Amino acid sequence: MSLCGKKAMRIYVSEITVIELRYGAENSDNPEKSHKAVDAFLAALTIIPIFGCIKCYAKKVRLRRMGRPINDEFDLLIGVTAIEHKLTLVTNDVKHFQELNDLIIENWFKRE
C-alpha cells in the first residue's frame, strides 16, 4: 500500500502504552469521551503484547547494578518491547530510554 508514492508505515504500540492511555482516559474530566478517543486512535495501530519481552526486560537488571536504572518500569517495558520486535521507538522522552543501548529511537517532536 502506498500514499503519494511512498510506502505506508505500520505503527505498533505496546500493551503498556495502551495501559497508560486507558489510565489517562479514566483520569480525564470526561472518561467516556476519552475512552472513545483512545479506541479511535488504537483502531489504526497494531498492539504488541509484552509477554515475549519478559526475558529482555529481566536482562536489563544490569542497568540497576551499574547504577543507571530506568526508574519508570513502564518505560523500560516499552523500550524492551521495541528491542525485542526490532522496532524503532518514537518518543519525545528520549532521556527515559537512553540507557537502552540496543534501542533505536526517533524523536518526531524534537523542538529546536
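Predicted model, so just to flag it, every value in this text is computed and none were measured.
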Exercise. Residues in side chain to side chain contact (heavy atoms under 4.5 Å, CB included) with I54, at least two apart?
Worked result: F51
Seminar exercise, completed: side chain to side chain contact (heavy atoms under 4.5 Å, CB included) filter on D29, not counting sequence neighbours, yields none
Exercise. For L87, which fellow cluster members are found when Ile, Leu, Val, Met, Phe, Trp and Tyr are connected by side-chain heavy-atom distances below 4.5 angstrom, either directly or through intermediates?
Worked result: Y12, I48
Exercise. Taking a hydrophobic cluster as the set of Ile, Leu, Val, Met, Phe, Trp and Tyr residues connected by side-chain heavy atoms closer than 4.5 Å, whether directly or through intermediates, do I11 and I104 fall within one such cluster?
Worked result: no
Problem set entry | Heavy-atom side-chain contact between I16 and I50 under 4.5 Å | yes
Problem set entry | Atom pair CG/NE2 of N30 and H35 - distance to nearest 0.5 Å | 10.0 Å
For this session: Decide yes or no for L100 and F97: does some side-chain heavy atom of the first lie under 4.5 Å from some side-chain heavy atom of the second?
Result: yes
For this session: Nearest 0.5 Å please: distance from the OG1 atom of T81 over to the CD1 atom of I47.
Result: 12.5 Å
For this session: Please list, chain by chain and in numerical order, all residues satisfying side chain to side chain contact (heavy atoms under 4.5 Å, CB included) with E84, sequence neighbours excluded.
Result: C53, C56
For this session: Check whether Y23 and F74 end up in the same hydrophobic cluster, where Ile, Leu, Val, Met, Phe, Trp and Tyr are linked by side-chain heavy atoms less than 4.5 Å apart.
Result: no
For this session: Give a yes or no on whether the backbone of V13 and the side-chain of T17 come within a donor-acceptor separation of less than 3.5 Å.
Result: no
Exercise. Heavy atoms, side chains only, cut-off 4.5 Å: are E20 and I78 in contact?
Worked result: yes
Problem set entry | S34 side chain to P31 backbone, donor-acceptor under 3.5 Å | no
Exercise. Are any non-hydrogen side-chain atoms of T91 and I105 less than 4.5 angstrom apart?
Worked result: yes
Seminar exercise, completed: When rounded to the nearest 0.5 Å, the distance separating CG of L21 from CG of L42 is 6.0 Å
For this session: Identify, with sequence neighbours excluded, every residue that meets side chain to side chain donor-acceptor pair (under 3.5 Å) alongside T88.
Result: none
For this session: Taking side chain to side chain contact (heavy atoms under 4.5 Å, CB included) as the test, write out the residues that go with R62, two or more places apart.
Result: K60, M66
Exercise. Got I19 and R22 here, is their nearest side-chain heavy-atom distance under 4.5 Å?
Worked result: no
Problem set entry | Flag, side chain of D72 to backbone of D75, donor-acceptor distance under 3.5 Å | yes
